[in-house]
Amino acid sequence: MAPKPRVRFAPSPTGELHVGNARTALFNWMYARHHGGSFILRIEDTDESRSALSYQISLFDDLKWLGLDWDEGPNKEGAYGPYRQSERLDIYKSHLQKLIDADLVYPCYCTEEELEEERQNLILSKRMPRYMGKCRNLSPDERKQREKEGKKPSYRFKIYPQTIEFKDLIRGLMKFEADAIGDFIIVRSNGMPAYNFAVVIDDHLMNINHVIRGEDHLSNTALQIMLYRAFGFEPPTFAHHSLILGKDRAKLSKRHGSVSIGEFRKQGILPEALVNYLGLLGSSFTDAREVLSREEMIAGFTLKRASRSGAIFDEEKLLWLNAIYIRNCKTEDLVARLTPFLEQSGFKKEIINSEGFKRIIDLVKTDLTTLADIENHISLFFDDKYELTDEAKKILEKDTAQNVVRTFARYLAHNTEQQNLYAAAMKHTKEKTGAKGKELFMPIRAALTGKTHGPELDKVFIVLGTNSALKRLEFFIR
RNA sequence: GGUCCCAUCGUCUAGUGGUUAGGACGCUGGCCUCUCACGCCGGAAACCAGGGUUCAACUCCCUGUGGGACUACCA
């Protein structure tokens, strides 16, 4: 039996979690859950200048919000920790020593300026910009000389001509020639490990057997496989999924608008909707349906159905899913989710938690595409001094309309205690004025709510209550 | 420039040699209805191009074209 998959999501805390990375996390998570394996979170914070603790915190928040729980990682230590690369520096150091001892790496004393110059020259002479191995064959004396000058070396991995092949679970057989690759840095002059180096060591030591990541890492894989060979480690199985693209078909980035998970949260996107959408983007499930629960997604997930071509992020479809998830929320649950948005709009807790409020939410549920939409749809229930829309004005200007409103209002005023007052008043108004259909409903709707659109009138009336309804109507009877 | 990846409606996708090329979002016509939303029914809309292979190509192969990623002492 194949061993249980151990997969990881390894973000660097250099910014907010964005949808691209979130989808990678989701794929890994679904893969682990589908196969009963483990999902590991590892923080790749070796770039001290760009990493920030605050990003780590928001990263954890976002993953939890999405419901992507990890089995091992920061705050959930397992047998393979620590799970922050900054806490594993001695591990990298000892592994560097192994490669030095095996004469597979060498110190490089070139400065960034020198390297940049070399690169420019190569580009000018229309050759491949890559490191030409200036420091590769330095004699021990030359090295000592540079050390004496106080130069701190970076360490480069020696590339030998070879063909690197690996089987990608999504893309099939991949083949790379090493001679296009220059000796690359595995440890920087400040002593910090470089990505390709740390990732290989960690994935091996953490027993990661499936690496699922974005296509942008495809060419890195060749470098990493050379390192696996150098260490004598067995490489994991790789799977490179396609990238999420913006409308211009370029890799999705900030300039395409909202892309961070936090932004979607603030806009009132439900995590279920976002997860569902991300699962659908650039992939499909065994189950052909598109609105899927978390459990159904896990059950229907397979890398075989991951698309090889990039997928444009379609916000319209996300919103469609979001509206469905909002509609399907139990009203109580929806009120809870809506609460932060309502409080921001100035609604008091007592109102939000009242029974009457639940009835209102029930009425407007189907109108919402995002949670942030809520205010536009409930204001008519709370604002007694609303402005009429142009359409509402037009309707109320008619004489017949005035008559309808007046008749309706008068009946209400004289029968406040009657059962089913609304129905009775409507019946009365219909008979008395002869108005029916639009002629009957619209003036009352317009006078009652100031708008020509909204939930069914009878329900609006009940929520408003007779007193409030009367107050509003009287305002229009001049 | 080099290396690599990719190519079905506008978008996300199903499809694995023989299909009226299916679904979803969006768009659109209608039904429901006081209105809007929801819901329901219908419509328009695609196999990048050219060569092969084959009785038969969206499907397999080659070339071209187009798009993308990588090409850092970032991950």
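Not measured: the values here are computed from a predicted model. For the numbers below, each heavy atom of this structure counts, side chains included, while hydrogens, waters and symmetry mates do not.
Between A/Phe461 and A/Tyr422, the angle of the ring planes lies from 30° to 60°, which puts this pair in the tilted group.
Distances shown here put a side-chain N or O of A/Lys251 below 4.0 Å from the OP1 or OP2 atom of B/rC70. Look at A/Arg305 and you'll find a side-chain N or O under 4.0 angstrom from OP1 or OP2 of B/rG15. Of the side-chain N and O atoms in A/Arg119, one or more sit less than 4.0 angstrom from OP1 or OP2 of B/rA72. Distances shorter than 4.0 Å separate none of the side-chain N or O atoms of A/Ser12 from OP1 or OP2 on B/rC74. Residue A/Ser242 places no side-chain N or O under 4.0 Å from the OP1 or OP2 atom of B/rC5.
When the side-chain contact (heavy atoms from CB on, under 4.5 Å) test is applied to A/Arg308, the partners found at least two apart in sequence or on another chain are A/Ile170, A/Arg171. Scanning for ring pair (Phe, Tyr, Trp, His ring centres under 6.0 Å) contacts around A/Phe197 gives an empty result, with sequence neighbours left out. In terms of the side-chain contact (heavy atoms from CB on, under 4.5 Å) criterion, residue partners of A/Ser379 (sequence neighbours excluded) are, by chain and number, A/Lys451.
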Scan nucleotides 6-12 of chain B against the protein and return all N/O pairs shorter than 3.5 Å with their distances rounded to 0.1 Å.
| unit_1 | atom_1 | unit_2 | atom_2 | d |
| --- | --- | --- | --- | --- |
| B/rC12 | OP1 | A/Arg249 | NH2 | 3.3 |
| B/rC12 | OP1 | A/Ile312 | N | 3.1 |
| B/rC12 | O3' | A/Gly282 | N | 3.3 |
| B/rC12 | O2' | A/Leu280 | O | 3.2 |

Got a list of protein N/O to nucleotides 38-49 of chain B N/O distances below 3.5 Å?
| unit_1 | atom_1 | unit_2 | atom_2 | d |
| --- | --- | --- | --- | --- |
| B/rC38 | O3' | A/Arg327 | NH1 | 3.1 |
| B/rG39 | OP1 | A/Arg327 | NH1 | 3.0 |

Could you pull out every donor-acceptor pair under 3.5 Å between side chains of residues 370-377 of chain A and any protein atom, sequence neighbours left out?
| unit_1 | atom_1 | unit_2 | atom_2 | d |
| --- | --- | --- | --- | --- |
| A/Thr370 | OG1 | A/Gln267 | O | 3.3 |
| A/Thr370 | OG1 | A/Ala372 | N | 3.3 |
| A/Thr370 | OG1 | A/Asp373 | N | 3.3 |
| A/Asp373 | OD2 | A/Thr369 | N | 3.1 |
| A/Asp373 | OD2 | A/Thr369 | OG1 | 2.7 |
| A/Asp373 | OD2 | A/Thr370 | N | 3.4 |
| A/Glu375 | OE1 | A/Ser345 | OG | 3.3 |

